[in-house]
Visitor: 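Take this structure, written in structure tokens, and hold onto it; I'll ask about it next.
These numbers come from a predicted model, not from an experiment. Below, chain A is the first sequence line, B the second, and so on; all start at residue 1.
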There are 2 protein chains.
Amino acid sequence: MGVYIQVLEDLQSQQQQVIPSEKLAEKCEVNSSQIRKDLAYFGEFGVRGVGYYVTDLLQAIKHFLGIDRNWNCILVGVGNLGRALLRHRQLPQKGFQIRMAFDCDPFKIGEHVAGHEVVCTRRLKEKAQLMQIDIGLITTPPERAQRAANHMMQAGIKGIINFAPTRIHVSSDVTVDYVDFSNHLISMAFRLSHP
Amino acid sequence: MGVYIQVLEDLQSQQQQVIPSEKLAEKCEVNSSQIRKDLAYFGEFGVRGVGYYVTDLLQAIKHFLGIDRNWNCILVGVGNLGRALLRHRQLPQKGFQIRMAFDCDPFKIGEHVAGHEVVCTRRLKEKAQLMQIDIGLITTPPERAQRAANHMMQAGIKGIINFAPTRIHVSSDVTVDYVDFSNHLISMAFRLSHP
DNA sequence: TCTTTCTTGTGAAATTTTTCTCAAGTTCAT
DNA sequence: ATGAACTTGAGAAAAATTTCACAAGAAAGA
């Protein structure tokens with residue numbers, strides 16, 4: 001689904017107004033029926049004999065996905081990955097604002113990264129409750145991930161993205177998503193060794 | 001599949017010798033039949049009435065996935081994400097060694113990041129061919145991703161992982177994998193807005 | 001040895017996802 | 001107008017994935 005946005009924004013910046021599912025499929029490297037099914041899922045946006053109006057479609061997809069608004073995020077764990085995310089320009093561009101950064105290392109507390117002061121993780125609840133935070137990003141080492149998740153839950157955060165390579169346990173009203181690049185390398189290793 | 005490794009390594013470090021699919025399923029948050037199907041796919045590793053021997057299983061999985069060896073990688077694009085990957089300790093630990101780092105920015109060339117000298121991207125072919133490089137990581141801005149891919153193909157690299165948010169075109173003997181965190185944030189936004 | 005309790009591996013069933021196909025709507029040249 | 005060329009939306013078919021259900025093997029106590 002994210003691919004559609006990527007490709008459509010590209011088309012938009014190239015001033016292309018309309019695109020048929022066949023061409024869009026080519027660019028996204030998927031089957032065109034797939035695209036038509038997906039797009040038909042949230043309304044009739046195509047025009048028969050013509051195709052899809054890029055701008056309208058993009059807006060509709062974004063609305064459907066819930067990214068036609070801003071989302072407040074916080075990050076726990078200011079290591080290499082944490083810093084990369086804090087500095088990543090693409091996230092705010094897509095409506096995901098990292099509002100605060102936390103770490104429990106006294107050497108990091110007080111430091112500034114990409115305009116964010118690093119705050120002690122213990123103060124997460126106190127700080128995060130002042131603002132309505134939607135999403136928490138965990139970029140700690142694996143042994144600290146669960147504690148970070150606990151702090152987030154105490155602050156009422158309902159969506160957690162865990163970049164640490166470990167499972168975490170959360171109450172049933174919290175959604176967790178796991179991200180681990182090593183998986184991509186592993187999958188590549190597998191594909192290269194089974195030609 | 002990567003989850004299995006994560007959980008099994010955890011069990012191994014806890015000295016647990018045997019685990020039944022039911023318990024493993026719990027920890028991986030998947031169905032136990034699923035696990036048994038997956039594990040049976042590359043041989044009969046379980047023992048009926050007992051379960052799976054953690055160490056043997058782990059070794060078998062790693063062999064099957066092709067990660068019981070080292071893989072030589074290079075990276076193009078020494079930005080925030082590139083630096084995070086270069087410094088990431090987990091990758092070499094799992095057998096993925098980033099051997100060289102390239103960038104086309106004259107200010108970055110010559111700089112050292114986590115023990116890697118940053119080299120001009122134009123010298124990629126010349127440099128990479130000295131060593132047998134298996135996997136190329138693209139962490140450039142999107143507009144430079146295709147060029148990076150071209151350099152990699154010229155150096156005979158058959159596996160590319162593209163972290164840049166754009167599609168790239170490669171010859172049919174090259175495998176590409178796309179990685180984009182914004183997708184995880186988008187998917188989270190979707191789940192939070194459809195409770 | 002026999003019985004009870006576990007737990008795997010796997011065929012069958014159920015479910016989900018992907019692809020095929022085509023009627024119906026749109027555009028454009030004539 | 002009319003016909004030819006396109007393209008969507010959606011039902012049907014096909015393929016892939018996930019789950020169920022249970023025979024058969026293993027362990028342990030009586």
Visitor: For C:dG9, does OP1 or OP2 lie under 4.0 Å from any side-chain N or O of B:Tyr52?
Guide: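 Yes, B:Tyr52 has a side-chain N/O under 4.0 Å of OP1/OP2 on C:dG9.
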Visitor: Could you measure the distance from the NZ atom of A:Lys94 to the CG atom of B:Asn183? Nearest 0.5 Å is fine.
Guide: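 Taking NZ in A:Lys94 and CG in B:Asn183, the distance rounds to 6.5 Å.
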Visitor: Identify all pairs in which a protein N or O lies below 3.5 Å from an N or O of nucleotides 1-3 of chain D, and state each distance.
Guide:
none

Visitor: Rounded off to whole Å, could you give me the CZ-to-P distance for the B:Phe45 and D:dA26 pair?
Guide: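 To the nearest whole Å, that distance equals 16 Å.
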Visitor: Is a salt bridge present between A:Arg123 and A:Glu126, judged by a nitrogen-to-oxygen distance below 4.0 Å?
Guide: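 The answer is yes: the pair qualifies as a salt bridge.
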Visitor: May I ask you to check whether over 12 heavy atoms, not counting those of A:Gln129, lie within 6.0 Å of atom CD?
Guide: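 Yes, because the 6.0 Å sphere around CD of A:Gln129 holds more than 12 heavy atoms from other groups.
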Visitor: If you check the A:Arg48 side chain, which of C:dG25, D:dA10, D:dG25 turns out closest?
Guide: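 When the side chain of A:Arg48 is considered, C:dG25 is the closest of C:dG25, D:dA10, D:dG25.
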Visitor: Give the residues of residues 9-41 of chain B touching DNA chain D, defined as any heavy atom closer than 4.0 Å, sorted by residue number.
Guide: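 Output list: B:Asn31, B:Ser33, B:Gln34, B:Arg36, B:Lys37.
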Visitor: Atom CZ of B:Phe102 and atom CE of B:Met152: how far apart are they, to the nearest 0.5 Å?
Guide: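 That separation rounds to 8.5 Å.
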Visitor: Can you say whether the rings of A:Phe64 and A:Tyr41 are parallel (under 30°), tilted (30 to 60°) or perpendicular (over 60°)?
Guide: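 Correct class here is perpendicular.
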Visitor: Rounded to the nearest 0.5 Å, what separation is found between the CD1 atom of A:Ile161 and the CG atom of A:Asp177?
Guide: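 It is 5.5 Å, given to the nearest 0.5 Å.
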Visitor: Nearest-Å distance, CZ (A:Phe42) to P (D:dT8)?
Guide: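 Atom-to-atom, A:Phe42 to D:dT8, this comes out as 14 Å.
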Visitor: Could you tell me the separation between the CD atom of B:Gln59 and the CZ atom of B:Phe45, rounded to the nearest 0.5 Å?
Guide: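 The CD atom of B:Gln59 sits 9.0 Å away from the CZ atom of B:Phe45.
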Visitor: Taking atom C1' of D:dT7 as reference, at what distance in whole Å does atom CD of A:Glu44 sit?
Guide: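 Distance, rounded to whole Å: 13 Å.
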Visitor: Is it true that A:Glu111 and A:Arg83 have a side-chain N and a carboxylate O under 4.0 angstrom from each other?
Guide: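 Salt bridge present between A:Glu111 and A:Arg83.
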